[in-house]
Amino acid sequence: MPELPEVETYRRYFEETALGQTVVDLKAEDPRRQLTLDYDTLLNALKGKQFVGTHRIGKHFLVNLSSGNVLVLHFGMTGDLAYYRDEEDTPRFARVVFYFSNGFRLAFIDSRKFGRIGIAASIEEYQKKKALGPDALDITLPQLQASIEKRKAPIKPLLLDQKILAGIGNWIADEVLFQAKINPVKPANTLSDSELKHLHQAIQLVLQTAIEHEAIYQTFPKSFLIHARGWDDTVETTAAERQICPRHGTPLEVAKVGGRTTYFCPICQPL
DNA sequence: CTCAGTGTTCAGTG
DNA sequence: TCACTGAACACTGA
């Protein structure tokens with residue numbers, strides 16, 4: 001489920017576990033697909049090197065190596081991390097495993113194999129190469145305004161464009177637009193100054209709230225739209241029970257916008 | 001058995 | 001070149 005809040009949560013987990021460790025070995029189940037450089041090159045870049053720091057740009061997780069290079073992890077749709085010691089504790093779908101000199105291991109878990117691992121010369125070089133916009137937590141209102149005010153596309157797919165701002169994925173885009181009371185198909189160039197301001201505030205609100213809750217959706221405020229998606233598997237609900245606006249108690253609409261499933265409230269977010 | 005999907009990239013169109 | 005759309009990618013779980 002890795003959007004910005006999940007990746008930030010993984011980063012903090014990494015800081016408490018694998019940071020400071022020295023890599024002694026590496027295993028990759030499907031190296032040609034999941035590594036962006038060949039296995040031997042990656043192993044050589046890691047072996048004997050220490051993990052000395054972490055960064056995050058949007059959904060991209062970067063680890064400073066003692067060599068000066070940067071290890072880059074992207075979690076795709078289903079990536080996760082697990083730090084553990086014994087072989088028998090290897091999680092299911094551990095596609096790549098880092099082995100450390102202290103006997104512990106770090107698994108890159110990724111059931112659907114959209115995740116990628118590679119090496120970059122520096123954080124700046126990587127951000128430039130991937131053309132990533134400012135991190136969604138850092139983007140300023142003038143920056144956001146400048147990059148979307150002339151665009152005619154619906155606002156939602158622009159929020160998903162990592163070149164404009166980095167870190168927003170499908171559910172956060174819906175949540176942000178709901179909190180800002182903006183219709184997802186509204187052309188970006190028709191947003192008023194007030195709407196842009198609310199949009200910018202909603203981005204900060206949703207991301208900060210999600211990070212505070214360590215991206216555990218079930219614990220998010222009741223005022224959040226995310227509960228409509230039915231990802232809380234501790235309760236049994238039908239779509240009709242769930243797909244209700246938290247403000248009005250009226251049915252939400254589910255549509256495809258920019259090719260992605262989109263939830264919104266036609267009353268809160270009129271066109 | 002079929003199908004949707006939390007992300008990204010690329011081909012194709014205008 | 002740019003803006004935009006839609007399909008493809010791999011796999012699991014409903």
Side-chain angles (χ1 to χ4, degrees), chain A residues 1-10 28-36 56-61 72-81 91-96 108-118 126-127 129-133 135-136 146-178 184-190 206-207 210-211 213-218 220 224-239 242-243 254-263:
Chain A
M1 306 97 186
E3 300 189 30
L4 187 152
E6 286 90 343
V7 178
E8 177 61 19
T9 302
Y10 298 167
E29 181 186 302
D30 194 352
R32 301 213 316 179
R33 184 162 306 284
Q34 297 207 267
L35 306 183
T36 62
R56 185 188 53 68
I57 309 171
K59 308 169 192 174
H60 302 251
F61 177 45
V72 185
L73 289 81
H74 192 286
F75 296 95
M77 300 231 293
T78 55
D80 199 352
L81 296 176
R92 199 180 173 202
F93 310 125
R95 307 297 192 188
V96 177
F108 181 81
I109 304 167
D110 186 12
S111 66
R112 292 175 200 181
K113 299 215 282 198
F114 279 144
R116 298 290 180 266
I117 293 177
Y126 183 75
Q127 181 158 17
K129 186 177 78 177
K130 302 299 273 186
L132 293 173
D135 188 85
S147 53
I148 69 174
E149 66 187 349
K150 294 195 170 65
R151 305 279 298 262
K152 294 175 184 165
I155 182 61
K156 173 166 173 177
L158 297 187
L159 292 177
L160 295 174
D161 184 346
Q162 307 297 299
K163 296 182 176 63
I164 295 175
L165 75 174
I168 294 184
N170 198 39
W171 82 255
I172 292 182
D174 284 359
E175 191 69 60
V176 163
L177 291 169
F178 175 74
V185 302
K186 181 151 193 175
N189 62 355
T190 67
V206 171
L207 293 175
I211 291 170
H213 291 265
E214 297 180 328
I216 301 166
Y217 308 132
Q218 297 94 307
F220 286 9
F224 270 44
L225 189 70
I226 191 171
H227 304 295
R229 291 187 124 87
W231 288 347
D232 183 351
D233 50 19
T234 64
V235 291
E236 291 266 328
T237 54
T238 64
R242 207 184 316 123
Q243 290 171 11
V254 184
K256 289 277 183 201
V257 178
R260 310 298 300 275
T261 299
T262 299
Y263 289 69

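Each chain gets a letter, A, B and so on, in the order the sequences are listed, and its residues count up from 1. Side chains are part of it too, since the values below use all heavy atoms of this structure and drop only hydrogens, waters and symmetry mates.
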TODO: Grab the CG-P distance between A/Asp174 and B/dG7 for me, whole Å please.
DONE: 11 Å

Task: Value in whole Å for how far the C1' atom of C/dA14 lies from CZ of A/Arg112 - done: 10 Å

- [ ] Mark yes or no for a side-chain to base donor-acceptor pair under 3.5 Å between A/Arg260 and B/dG5, with no hydrogen or angle criteria applied.
- [x] no

- [ ] Answer yes or no: is there a donor N or O on one side and an acceptor on the other, between the side chain of A/Glu3 and the main chain of A/Gly167, under 3.5 Å?
- [x] no

Task: Contact under 4.0 Å: A/Lys152 side-chain N or O vs C/dA3 OP1/OP2 - done: no

Task: Side-chain heavy atoms of A/Gln34 within contact of A/Glu29, under 4.5 Å - done: no

Task: Separation of the P atoms in B/dT9 and C/dT12, to the nearest angstrom - done: 23 Å

Task: Heavy-atom side-chain proximity of A/Leu177 to A/Thr262 below 4.5 angstrom - done: no

Open item on the list: Expected output is a numbered-order residue list: members of residues 157-166 of chain A with a heavy atom under 4.0 Å from any atom of DNA chain C. What is it?
Closed with: none

- [ ] Starting from P on C/dC11, measure out to CZ on A/Arg116 and report it in whole angstrom.
- [x] 10 Å

Open item on the list: Check the phosphate of B/dT8 against A/His74, side-chain N and O only, distance under 4.0 Å to OP1 or OP2. Yes or no?
Closed with: yes

Task: Heavy-atom pair with the smallest gap, counting every atom of A/Asp135 and A/Gly58 - done: OD1-N, 2.6 Å

Open item on the list: Between A/Thr261 and A/Lys256, do the side chains contain a donor N or O and an acceptor N or O under 3.5 Å apart?
Closed with: yes

Task: Base-pairing string, 5' to 3', of DNA chain B - Watson-Crick or wobble, under 3.5 Å, | interstrand - done: .||||.||||||||

Open item on the list: As a test of reading the structure: which of C/dT12, C/dC11, B/dT8 is closest to the side chain of A/Asp30, going by heavy atoms?
Closed with: C/dC11

Task: Distance, rounded to the nearest Å, where A/Lys256 contributes NZ and B/dA4 contributes C1' - done: 7 Å

TODO: Describe the nucleic acid contact of A/Phe75 in one word from base, sugar-phosphate, nothing, applying a heavy-atom distance below 4.0 Å.
DONE: nothing

Task: Check: A/Glu175 side chain, A/Ile226 main-chain N or O, donor-acceptor pair, under 3.5 Å - done: yes

TODO: Flag the pair A/Arg56 / A/Leu4 as yes when at least one side-chain heavy-atom distance between them is below 4.5 Å, and no otherwise.
DONE: yes

TODO: Give the minimum heavy-atom separation between A/Ala188 and A/Arg151, together with the two atoms involved.
DONE: CB-O, 3.4 Å

Open item on the list: Is there a side-chain contact between A/Arg151 and the phosphate of C/dC2, meaning an N or O under 4.0 Å from OP1 or OP2?
Closed with: no

Can you check nucleotides 12-14 of chain B for protein contacts, nitrogen or oxygen pairs under 3.5 Å, and list what you find?
none

TODO: Kindly assign one of parallel, tilted or perpendicular to the pair A/Phe61 and A/Phe75, based on the angle between their ring planes and the thresholds 30° and 60°.
DONE: parallel

Task: Heavy-atom donor-acceptor pair, A/Arg116 side chain to A/Arg33 backbone, under 3.5 Å - done: yes

- [ ] Evaluate the side-chain proximity of A/Gln127 to A/His60: yes if any heavy-atom separation is below 4.5 Å, no if none is.
- [x] no

Task: A/Arg229 CZ - C/dA14 C1' separation (whole Å) - done: 17 Å

TODO: May I have the distance from A/His60 (atom NE2) to B/dG7 (atom P), rounded to whole angstrom?
DONE: 11 Å

TODO: Return no unless some side-chain N or O of A/Arg33 is found under 4.0 Å from OP1 or OP2 of C/dC9.
DONE: no

Open item on the list: Any heavy-atom pair between the side chains of A/Thr36 and A/His74 that's under 4.5 Å?
Closed with: no

Task: Between C/dT12 (P) and A/Arg92 (CZ): distance, integer Å - done: 7 Å

Open item on the list: Under 4.0 Å from OP1 or OP2 of B/dT8: is there any side-chain N or O of A/Lys130 that close?
Closed with: no

Task: A/Glu6 to A/Ala215 - nearest heavy-atom pair and separation - done: CG-CB, 3.7 Å

Task: Sugar-phosphate, base or nothing in reach of A/Gly169, heavy atoms under 4.0 Å - done: sugar-phosphate

Task: Side chain of A/Met77 (C-beta onward), nearest among C/dG13, C/dC4, B/dG7 - done: B/dG7

- [ ] Check every atom of B/dG7, B/dG5, C/dA3 against the side chain of A/Thr261 and return the nucleotide holding the closest atom.
- [x] B/dG5

- [ ] Whole angstrom is fine here: how far is it from CZ in A/Arg242 over to C1' in C/dA14?
- [x] 12 Å

